[in-house]
Amino acid sequence: MTSEIRVLESEDDLIAAANLFRTAMVGFPPLSNLQPGQISKLLEAGRTVGAFVGGQLVGTADAVTSGLTLPGGAIVGHAAVSHIGVLPSFTRKGIATALMDHQLHDVAARGEAVATLRASEATIYERYGYGVASSSQTVEVQTARAAVRPGVGTGAPVRLLDPAQTWDVLPRIYAQNRPSRAGTIDRPEVWWQGLRLRTESSSGPAYVAVSGEAGSESGFTRYRPVDTEKWFISDQRTIVVEDFFAPTTDAYLGLMRFLLGLDLVDRVMFWMLPVDDPLPWLLVDRRAMRISAVHDETWLRVVDAHKALAARRYADDGVVTVGVNDPLLQKNSVTFTIAGGGAEPTNRHAELRVGVEGLAAVLLGGATWCGLAVAGLADADDPAALGVADRLFAVADAPYAGFFF
Ligand SMILES: CC(C)(COP(=O)(O)OP(=O)(O)OC[C@H]1O[C@@H](n2cnc3c(N)ncnc32)[C@H](O)[C@@H]1OP(=O)(O)O)[C@@H](O)C(=O)NCCC(=O)NCCS
């Protein structure tokens, strides 16, 4: 089906797009109580597109301008993509494909190296060149068993934050303490505004605690109790930790001790921790914690392979030539020589071949070339080349963003 794709500018169009996305998601109610002008604080100007059929808005997608950290610490231009939805009566007619195509060309025209998103289903985005570049884990801790090993530091002092200060203080703490871990993303102002709207329009209690001295805080956590109907007498009082931003050891220990030590609370459920989080090593009884799920976190699309591969650091002094295939963005279909000193295009024969979705999976070090080859997502003339590539692409810390958008 032919659709016309255009950038949405007016307040009415942006609200219609937001509600279209919510209709497509089935489980989200329409936006309510929006103040005049508020929608433009929740969406970045110029980055929401709509698909029209016969003048009717039937699909939408948007993006936010951000930065993403690559292995070695370089931050590259990054489009954080979200709100992709097509009206149920118009699905499977190529509308999402047209939106993705338009958006990826726009991201390329803006000079951004990568796009990332969070996926509602794992079967949608590979066809557009996205691959899973980082994962996170959901962890439950039984506080009664969660004694910390003797000798573990106390960490930074922690205090509850006055709710009125939250939306000024948290963005400052995040920006001042941006981690160097690969996969880290900026948290643009429109996301803070969206989080604020969701927090303030939900009726239950929610708390924010910060670590470090006032004015030079190093981390924060946002948490709330769940299933509170029988809270007074329950023996399963549970808090959900929605955000755990602890980029230094001091912040980590302070905030972790604070959460595990909360009176009344039997269970702490961390929504998203890095897959290499040190928590099991802190506990005398490591079975006090249980990993209840591991989720794909960052779905990454390499939009400019040269920029992304050149900005990344490599961990070994081997050399390998990698041929990338990108059917949608042809200028990425290039062979690169990758060595300890960096990556550059070459005319040499490619020892390894990979689709752009496979390149996305290994870019941050969250997947291995050997693993991709087993799945048929990469292939090599000589399997030894896979080992050379894995040593080059290895990272010390698992890639992680820690934020859902
Ligand atoms: C996901 C969604 C945007 C796809 O829109 P769409 O217009 O139907 O997609 P298209 O018609 O362009 O489909 C392109 C291809 O993807 C496939 N596809 C699309 N959605 C899929 C899904 N949810 N699961 C599996 N395959 C899917 C189609 O079968 C088609 O395959 P083909 O090219 O082999 O024929 C739409 O189903 C939707 O709005 N879903 C609910 C909201 C949602 O989940 N949004 C994503 C938030 S991250």
Side-chain angles (χ1 to χ4, degrees), residues 1-8 13-31 42-44 47-64 66 68 78-107 114-136 183 185 188 190-191 194-195 198 271-272 293 295-301 303 325-329 355-357 360-361 375-377 401-405:
M1 178 177 279
T2 314
S3 58
E4 186 203 345
I5 311 290
R6 60 173 189 259
V7 177
L8 304 180
D13 277 354
L14 292 173
I15 292 174
N19 282 325
L20 187 158
F21 167 73
R22 300 175 83 79
T23 304
M25 287 302 291
V26 182
F28 294 176
L31 287 174
L42 303 172
L43 298 169
E44 183 175 321
R47 298 208 77 161
T48 300
V49 287
F52 292 82
V53 172
Q56 182 190 359
L57 179 68
V58 299
T60 186
D62 66 39
V64 174
S66 170
L68 177 128
H78 158 230
V81 169
S82 60
H83 301 132
I84 299 162
V86 172
L87 279 185
S89 39
F90 285 84
T91 50
R92 307 305 178 268
K93 299 181 197 309
I95 305 288
T97 302
L99 284 163
M100 294 286 89
D101 186 79
H102 184 282
Q103 187 181 56
L104 285 171
H105 282 94
D106 177 57
V107 173
V114 294
T116 73
L117 53 76
R118 305 288 179 263
S120 63
E121 290 182 84
T123 45
I124 303 173
Y125 293 105
E126 197 174 295
R127 73 189 70 241
Y128 307 122
Y130 283 85
V132 175
S134 79
S135 300
S136 65
I185 51 177
V190 290
W191 288 356
L195 204 52
R198 289 197 292 283
W271 265 2
M272 289 173 287
H295 300 279
D296 43 84
E297 186 196 44
T298 305
W299 284 76
L300 187 147
R301 205 322 170 168
V303 177
N325 180 36
D326 186 343
L328 185 60
L329 301 176
V356 74
E357 65 287 347
L377 291 165
F403 191 74
F404 202 90
F405 58 89

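Computed from a predicted model, the values in this text were never measured in an experiment. Each ligand, and each atom within it, is numbered from 1 in the order the structure gives.
Taking the six-membered ring where tryptophan is involved, the planes of F403 and W191 are essentially parallel, since the angle between them stays under 30° and well short of 60°.
For ligand 1, residues of the protein lying within 4.0 angstrom by heavy-atom distance are A24, M25, I84, G85, V86, T91, R92, K93, G94, I95, A96, T97, R118, S120, E121, T123, I124, Y125, R127, Y128.
Between L20 atom CG and Q56 atom CD the span is 8.5 Å, to the nearest 0.5 Å.
D106 pairs by the salt bridge (Lys or Arg N to Asp or Glu O under 4.0 Å) definition with R110, not counting sequence neighbours.
Side-chain atoms of H78 and T116 form a donor-acceptor pair, as typed in the model, at a separation below 3.5 Å.
Using a 4.5 Å cut-off on side-chain heavy atoms (C-beta onward), V190 and R47 make no contact.
The two residues G50 and L99 make their nearest non-hydrogen contact at C-CD2, 4.2 Å.
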